[in-house]
Structures are given as structure tokens and as C-alpha cells.
Amino acid sequence: MEILIPTPKDFSFKRTAISHGWSELPPFEIDSKNWTLTRVIALDDRAFTATITHTRRTVKINVPGKASRRALEKIERDTRHMLRLDDDMGEFYRLISNDADFQWVETEGAGRLLRSPTVFEDLVKTICTTNCSWSLTDKMARSLVGALGRESNDRRRAFPTAEDMASQPEKFYRDEVRSGYRAPYLKELAERVASGELDVESWLTSDKSTSELKREMKRVKGVGDYAAENLLKLVGRYEGLALDSWVRAKFARLHNGGRAAKDKKIEQYYSRFGHWRGLALWCDMTRDWMKDGLSSF
DNA sequence: GCGTCCAGGTCTACC
DNA sequence: GGTAGACCTGGACGC
């Protein structure tokens, strides 16, 4: 079955698909030769593999086999959410159009950051990016999906729900997922979300100030400044820079003659972009990703 | 193959 | 509020 979604004029499928490392983590899969993004989407007790492509200002989603109308609506809704098709980039593009070093962002349709269908998945994956190599993050995500995700018709697996994760003992996260000291954090998070005590999906529409929302995010064990600011970007707030060692090193190469720069200097550099500064920084850091392909991540 | 060192971000205890 | 040390894994390196 096929779903077609018209896309905004300023949307770039390629730039969005490779906007950050999420497209390489299951249940995403990216084929950057044929520019196909595959994603397993869970619905109640079933899961569907959606193959997403883009031609002539239209996103095309292919879902093998039969799917109910409700399932197709969910797949469309999730795809719009993941690809940020409803985000209005106008204000950001107008702001950066005055800056010669950033005009490429609008020309190339960059700035939409790929995200998961749920904040819960983005939160779990963000915790799995902290204090470790990308290969370990990949391993943790693969273990979670492989062990707990619901199987789709082509035997791929979806990302586990909070309930799926809450049902596992801490030992599972330590021994199977290899999440180390993060094991109790993942277990506690899943239990809090599954019980309804913590509603992380509400962060998408929260009317709290960004600093209040950041404080709330940091109350989740394993979420510090970097993780909270990364999550804020994924819920559409770009005031935080989410500085980690990779960003600091890249800034040093691009703008500081290869020497380490103080965080204050990095903050100063992007301050001209106001509440869009976090997005401006990320576009700046990833400008060469289209040239270098995904291997540069 | 084994042991050691290091990078990575957050938490906790302490000042 | 700031800081030091612990947390845990995988990779690099030397033997």
C-alpha cells in the first residue's frame, strides 16, 4: 500500500534524513545511495515497515501487505512527525538569510532534524548517546529493538514501548543491552512512563518556558545539560547548544584554528541567531555531511 | 590473549 | 554554585 504526502517547498528529504545520527539507529535504516529511509512503526500489537522516499515534492511511503485505515493514518502521522513536515522554518530561514556563511542552509533545505515518532524513544536513545562511543550507542539501540521490539511483517522490529521496557529487570539492561551504569536509569524511566507518572510526550506541546522544561527533563536520571538540550531540539526548541565533545572538537577545527575553544566562545559565536542558535550551530557542524556522506558521523 | 589506559556525560558527595 | 571522583564500556595500545 502507498501513502503520498505533499511536502513544503523548502523541505529537503536528503538533508532531513541525514540531519543527525538517528537515521543509522534501528528501527530506522537509511540507504544513502538510493535515498530510502526505512522505519518500523508500531501500532498496538502489530508493527509495519514503512519505506519512505521523496520525489517531486511528495513523500511516498510504501507499506507492504495489507494495513487498516487506522494503521495507514498512524503511519502518515508518524512520518509527518519524524520528518518535521509541519514545522515552519520561515523565521529561521529569514534570520540566517542575512548571514553569508549560513545562506546555504535555506538553499539546501537543511534545519529539519529527524526525530522518532515518540519523545520516549528520543529520550531513551539520547541517554544511550551519553558518555560513550557511537558504536556503543548503536549496540544499545540494536539490543533494545532486537530483544523487545514488536516484529513487523518483514521480520524487522519496532522500538519497544515503555511498557515493554518496564517489564524487564535491571539486569537485562546491564547484561543484554550493555548499558552499564545507565541500566537503572533506563529501567526507572520506563517504569515512570509506563505507569503514567511521567508524561514525556507532553513535552512536545508544553507551554512551560524552555528553562523550566529543561529543568523537568534533567529530573530524569541520566539526563544532564547535553542530553536535555539535545531533547529540546527534538521537541522544537533551539535555545540550547547541546555541546558535547564532538561539537567542541568540530568547532575548534572550523572556527578556532584547531585549538580548543571555551564554551563561552562557542556561545558567543552563535548568539546572533537568538532562540534559533542551537539549530544554527547544528547546521554549521553538519554542513559537510552531504559531501562526505554518512561515514563522517 | 591479557592488562592498562583513555574518552565520553552525568550523578553524588563535598566544599 | 563549583568541583572531584566514580560510574561503565569498548577501543587502542603495549607486552
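If you're wondering where the values come from, they're calculated on a predicted model, not measured in any experiment. Chain identifiers are assigned alphabetically (A, B, ...) following the order of the sequence lines, protein sequences preceding nucleic acid strands; residue numbering begins at 1 within each chain.
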Inset, instruction - Answer yes when Glu121(A) and Arg39(A) have at least one side-chain N-carboxylate O distance shorter than 4.0 Å, and no when they do not. - result: yes

Legend entry - OP1 or OP2 of dG9(B) under 4.0 Å from side-chain N/O of Ser245(A): yes

Legend entry - Salt bridge flag under 4.0 Å for residues Asp99(A) and Arg272(A): yes

Inset, instruction - Measure from CE on Met217(A) to C1' on dC11(B) and round the result to the nearest Å. - result: 19 Å

Legend entry - Spacing of Arg178(A) atom CZ relative to dG10(C) atom C1', expressed in whole Å: 10 Å

Legend entry - Among dG9(B), dG8(B), dC11(B), the nucleotide that comes nearest once only the side chain of Cys132(A) is considered: dG8(B)

Legend entry - Gap between atoms CG and P, on Leu123(A) and dT10(B) respectively (whole Å): 12 Å

Inset, instruction - Grab the CD-C1' distance between Glu188(A) and dC11(B) for me, whole Å please. - result: 12 Å

Inset, instruction - Give a yes or no on whether the ring-centroid distance for Tyr173(A) and Tyr185(A) is below 6.0 angstrom. - result: no

Inset, instruction - Select from Lys139(A) and Asn131(A) the residue whose nearest nucleotide in DNA chain C is closer to the 5' end of that strand. - result: Asn131(A)

Legend entry - Length of the line joining Lys214(A):NZ and dG9(B):C1', which is rounded to integer Å: 13 Å

Inset, instruction - Measure from CD1 on Ile127(A) to P on dT10(B) and round the result to the nearest Å. - result: 10 Å

Inset, instruction - Please work out if Ser133(A) contacts a base, only the sugar-phosphate, or nothing of the nucleic acid, heavy-atom cut-off 4.0 Å. - result: nothing

Inset, instruction - Using a heavy-atom cut-off of under 4.0 Å over every strand shown, decide if Ala227(A) touches base, sugar-phosphate, or nothing. - result: sugar-phosphate

Inset, instruction - Could you state the atom-to-atom distance from OH of Tyr181(A) to C1' of dT9(C) in whole Å? - result: 9 Å

Legend entry - Interatomic distance, Leu189(A) CG vs dT10(B) C1' [rounded to whole Å]: 15 Å

Inset, instruction - Answer yes or no: does a side-chain N or O of Lys218(A) lie under 4.0 Å from OP1 or OP2 of dT10(B)? - result: no

Inset, instruction - Take Glu176(A) and Ser143(A), measure what side chain to side chain donor-acceptor pair (under 3.5 Å) needs, and give me the verdict at the end. - result: CA-CA 7 Å; Glu176(A) 304 291 322; Ser143(A) 302; over 6 Å; no

Inset, instruction - Have a look at Val220(A) and say if it touches a base, only the backbone sugar-phosphate, or nothing, with a 4.0 Å heavy-atom cut-off. - result: sugar-phosphate

Legend entry - Residue whose closest nucleotide on DNA chain C lies nearer the 5' end, Ser135(A) versus Arg182(A): Arg182(A)

Legend entry - Salt bridge flag under 4.0 Å for residues Glu239(A) and Arg277(A): no

